[in-house]
Amino acid sequence: MGVIMENQYKLNTLRHWYLADYEWKGEKVLLVWGQFYNRPGFYEGMNGHTSIVQSIKINQEEKEYEIQTKNNLYHCSFDSCFFERQDDSPYKLPEYETIKAEYYKPVNTEGVSTNDMILVVADYNDYYFESLIYQNPDGSKGKYSGYPHIGMFTDTFLINGDREPYEYDEESEYIDIRYYVDEGSFEFYSLDTGERNLWIENRGDSTLYIYGCGSEIKLEPGKRVLALKKKYSSV
């Protein structure tokens with residue numbers, strides 16, 4: 001069993017982690033990406049990646065993968081795997097599909113209608129953005145593009161729906177969400193949800209502060225809040 005330090009995590013713990021290839025000196029190497037805890041020289045919750053992976057073992061008793069790099073053994077619990085990212089390379093992990101079936105917890109969309117959308121955010125994602133969940137008026141799954149804009153003084157993140165305004169019968173159905181990013185918080189400066197109620201869910205480990213929806217929102221980990229209610233909504 002690994003060393004337990006004062007913040008409850010073992011030495012060299014990774015959370016919200018996944019394995020992915022990285023191009024290095026003309027070759028593809030395997031690294032682990034995630035948030036570091038109890039890693040000497042790193043601040044708690046720091047996002048980053050390990051050095052090249054040497055071996056991967058399953059520890060069923062501890063319910064974790066033990067991933068060895070050149071200099072460190074990392075503890076990667078089953079339930080903190082970033083499954084959405086790992087799905088791009090499922091063959092990288094032994095028994096991945098079996099473990100995912102037991103430990104993956106998708107966003108709960110029960111009761112979410114075409115009048116709602118859920119913005120999923122987390123501290124382990126760049127710019128806090130994880131996904132946007134909504135339906136088109138015809139009931140099909142909504143698609144979007146999300147990308148950062150690097151500014152001279154502050155960075156912003158932009159999310160657009162999969163169609164341009166002129167492709168809809170009503171321009172109000174167009175989605176255009178933009179926010180400024182700061183440490184531990186973000187602030188909307190454009191919030192066109194296509195006449196949908198906006199729910200925001202925090203899937204991360206730390207509290208996020210959200211501005212631009214009226215009053216300040218303090219969103220605790222694991223919580224969901226109705227951030228924007230459209231004028232004629234019955235919610």
Side-chain angles (χ1 to χ4, degrees), residues 16 18 20 33 47 82-89 104-182 184-204 208-219 221-235:
H16 308 294
Y18 62 98
W33 305 74
N47 286 302
F82 196 168
F83 290 103
E84 289 86 352
R85 295 280 182 88
Q86 195 59 61
D87 280 346
D88 294 335
S89 305
Y104 175 54
K105 296 179 181 179
V107 176
N108 182 7
T109 58
E110 184 177 355
V112 176
S113 73
T114 55
N115 295 320
D116 298 300
M117 65 167 42
I118 304 173
L119 175 62
V120 185
V121 296
D123 56 359
Y124 53 79
N125 285 310
D126 293 334
Y127 308 98
Y128 303 121
F129 177 76
E130 182 164 319
S131 62
L132 184 69
I133 300 171
Y134 71 97
Q135 294 181 9
N136 291 314
D138 61 6
S140 61
K141 181 179 179 180
K143 298 180 180 180
Y144 60 86
S145 59
Y147 51 93
H149 179 268
I150 309 303
M152 182 177 297
F153 301 105
T154 185
D155 295 343
T156 60
F157 197 81
L158 287 62
I159 309 167
N160 299 125
D162 60 344
R163 302 177 188 175
E164 296 297 329
Y166 60 79
E167 293 180 324
Y168 286 105
D169 293 333
E170 298 181 8
E171 186 174 342
S172 63
E173 294 177 344
Y174 181 55
I175 296 170
D176 182 22
I177 300 174
R178 308 181 185 203
Y179 57 82
Y180 298 108
V181 180
D182 201 353
S185 68
F186 58 91
E187 180 177 0
F188 296 105
Y189 66 93
S190 176
L191 196 49
D192 189 342
T193 64
E195 297 302 322
R196 297 174 179 85
N197 302 306
L198 177 67
W199 300 82
I200 306 178
E201 179 169 328
N202 185 355
R203 298 262 284 182
L208 292 175
Y209 292 86
I210 303 166
Y211 305 93
C213 299
S215 58
E216 174 191 89
I217 296 173
K218 180 181 179 182
L219 189 55
K223 300 298 183 179
R224 180 187 296 180
V225 66
L226 178 60
L228 181 67
K229 181 180 178 182
K230 302 310 290 186
K231 185 175 181 180
Y232 301 109
S233 173
S234 60
V235 172

To the nearest 0.5 angstrom, please state how far the [atom1] atom of [X] sits from the [atom2] atom of [Y].
X	Y	atom1	atom2	value
L191	I175	CG	CD1	11.0 Å
Y104	F83	OH	CZ	9.0 Å
K143	Y134	NZ	OH	9.5 Å
H16	D123	NE2	CG	6.0 Å
I159	S131	CD1	OG	9.5 Å
T114	R196	OG1	CZ	7.5 Å

Give a yes or no on whether the backbone of [Y] and the side-chain of [X] come within a donor-acceptor separation of less than 3.5 Å.
X	Y	answer
Q135	D138	no
S190	D176	yes
R224	N108	yes
D116	S113	yes

Compare every heavy atom of [Y] with every heavy atom of [X], then report the nearest pair and how far apart it is.
X	Y	value
L198	F188	CD2-CZ, 4.3 Å
I217	A227	CD1-CB, 3.7 Å
M117	I177	SD-CD1, 4.0 Å
W33	A20	NE1-CB, 3.8 Å
G204	P221	O-CB, 3.3 Å
A122	E130	CB-OE1, 4.0 Å

- Message: Could you go through E187 and D182, starting from their C-alpha distance and side-chain angles, then the distance that decides it, and tell me whether this counts as side-chain contact (heavy atoms from CB on, under 4.5 Å)?
- Response: CA-CA 8 Å; E187 180 177 0; D182 201 353; over 6 Å; no
- Please say which of T193, L119, N197 ends up in a side chain to side chain contact (heavy atoms under 4.5 Å, CB included) with L228.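 One option only clears the test, and that one is T193.
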- Query: Name the one of Y179, Y127, Y211, Y180 that satisfies ring pair (Phe, Tyr, Trp, His ring centres under 6.0 Å) with F186?
  - Reply: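 Between F186 and the candidates, ring pair (Phe, Tyr, Trp, His ring centres under 6.0 Å) is satisfied uniquely by Y179.
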- Task: Verify whether the ring centers belonging to Y124 and F82 lie closer than 6.0 Å.
- Result: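 They qualify: ring centres under 6.0 Å apart.
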- Task: Check the pair N160, Y147 against side-chain hydrogen bond (donor to acceptor under 3.5 Å, both in side chains), reporting the backbone distance first and the verdict last.
- Result: CA-CA 9 Å; N160 299 125; Y147 51 93; 2.9 Å; yes
- Passes side-chain contact (heavy atoms from CB on, under 4.5 Å), H149 versus T156? Steps please. CA-CA 5 Å; H149 179 268; T156 60; 3.3 Å; yes
- Query: Just by distance, with hydrogens left out, do Y18 and E84 show a side-chain donor and acceptor under 3.5 Å apart?
  - Reply: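 The criterion, which ignores hydrogens and geometry beyond distance, is not satisfied for E84 and Y18.
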- Task: Could you walk me through whether V112 and I133 pass the side-chain contact (heavy atoms from CB on, under 4.5 Å) test, one step at a time?
- Result: CA-CA 9 Å; V112 176; I133 300 171; 5.6 Å; no
